[in-house]
Amino acid sequence: MSSDKWRAPDQTEDPLPRRQLRLTGVFLAVVAAGLVGAWLFQGGTTASGPASASIGEPAPDFEIENIEGDDPIVLSELVAGHDGPLVLNLMASWCGPCREEIPELSAFADANPDVLVLGVDVEDVYEDFRQFMSEVQPTYMVGFDDGDMRARYQTLGLPATFFLDSEGRIVDVFNGILNESILEEIVAGIG
């Protein structure tokens, strides 16, 4: 028997460390891209106010169509004319969870007249919105956004609710379906 048979084969470079290094680089690139995307998503502040709605900042002003056909709904006018919290709920006719949430918002609005509740239909077709409102019949103020407002109030999805203090600052944002007890709890924490 030859002694060569028992000799260890020539050592070649192990590809595993190089692969781990490459995967680490890809991971870091994805994390960096996510951070840049989040930074861009949050936006900055412009001379006219925040580029997008952010907790701790004044809510970006907007003007939307009033479902009652009266004058348009202007957020800054609502805040100036109301001395209490404001609940701003974003919804759409095509959103099943939004449909489930409206009776809870109506019950909350009826039980808390000192809190202004405003529903805004976003990302929708006006005719679908009108039909939706006639079906669910909210007991609080509702308006329709043609897209300008929604661009400044970005969320993870619908429904989404912004909670404003009496000064018009955003104090909380809730993504998902609210019920009356969650609404009570969040509004109780608004100073």
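Counting from 1, the numbers follow the sequence of the chain as shown.
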Cluster check Leu90, Val136: I/L/V/M/F/W/Y, side chain < 4.5 angstrom: no
Heavy-atom side-chain contact between Val87 and Phe163 under 4.5 Å: yes
Exercise: identify the closest heavy-atom pair between Asn179 and Ser181: OD1-OG, 2.8 Å
Distance in Å, Leu116 CG paired with Leu86 CG, rounded so as to fall on 0.5 Å steps: 4.5 Å
Minimum heavy-atom distance between Gly56 and Arg169, given as atom pair plus value: O-NH1, 3.2 Å
Leu178 CG to Leu183 CG distance, which is reported to the nearest 0.5 Å: 4.5 Å
Verify same cluster id: Met91, Val117 (apolar side-chain graph, 4.5 Å): yes
Salt bridge (Lys or Arg N to Asp or Glu O under 4.0 Å) contacts in which one or both residues fall within residues 121-142, not counting sequence neighbours: Arg99-Glu135, Glu123-Arg150
Side-chain (Asn112) to main-chain (Asp114) donor-acceptor, under 3.5 angstrom: no
Heavy-atom pair of closest approach, residues Ile170 and Pro60: CD1-CD, 4.3 Å
Which atom of Phe162 lies closest to which atom of Gln154, heavy atoms considered: CZ-O, 4.1 Å
Residue pair Ile102, Phe132: steps toward the side chain to side chain contact (heavy atoms under 4.5 Å, CB included) verdict: CA-CA 11 Å; Ile102 289 175; Phe132 177 50; 3.5 Å; yes
Cluster check Leu164, Val187: I/L/V/M/F/W/Y, side chain < 4.5 angstrom: no
Gap separating the CD1 atom of Ile73 from the CG atom of Asn66, nearest 0.5 angstrom: 4.0 Å
hydrophobic_cluster_shared for Met141 and Phe108, side chain cutoff 4.5 Å: no
Heavy-atom check, side chain of Tyr153 versus side chain of Val122, under 4.5 Å: no
Which atom of Val79 lies closest to which atom of Ser166, heavy atoms considered: CG1-O, 3.7 Å
Minimum heavy-atom distance between Leu158 and Ala92, given as atom pair plus value: CD1-CB, 3.8 Å
Pairwise distance CD1(Ile182) to OG1(Thr161) - rounded to 0.5 angstrom: 10.0 Å
Any donor-acceptor N/O pair, Glu180 side chain to Glu104 backbone, under 3.5 Å: no
Results of side chain to side chain donor-acceptor pair (under 3.5 Å) for Asp172 - residues two or more places apart only: none
CD (Glu185) with more than 12 external heavy atoms under 6.0 Å: no
Check: Tyr126 ring centroid to Phe144 ring centroid under 6.0 Å: yes
From CD (Glu63) to CG (Leu75), nearest 0.5 Å: 11.5 Å
Shared hydrophobic cluster for Tyr140 and Val115 (ILVMFWY, side-chain gaps under 4.5 Å): yes
Pairwise distance SG(Cys95) to CD(Glu101) - rounded to 0.5 angstrom: 8.0 Å
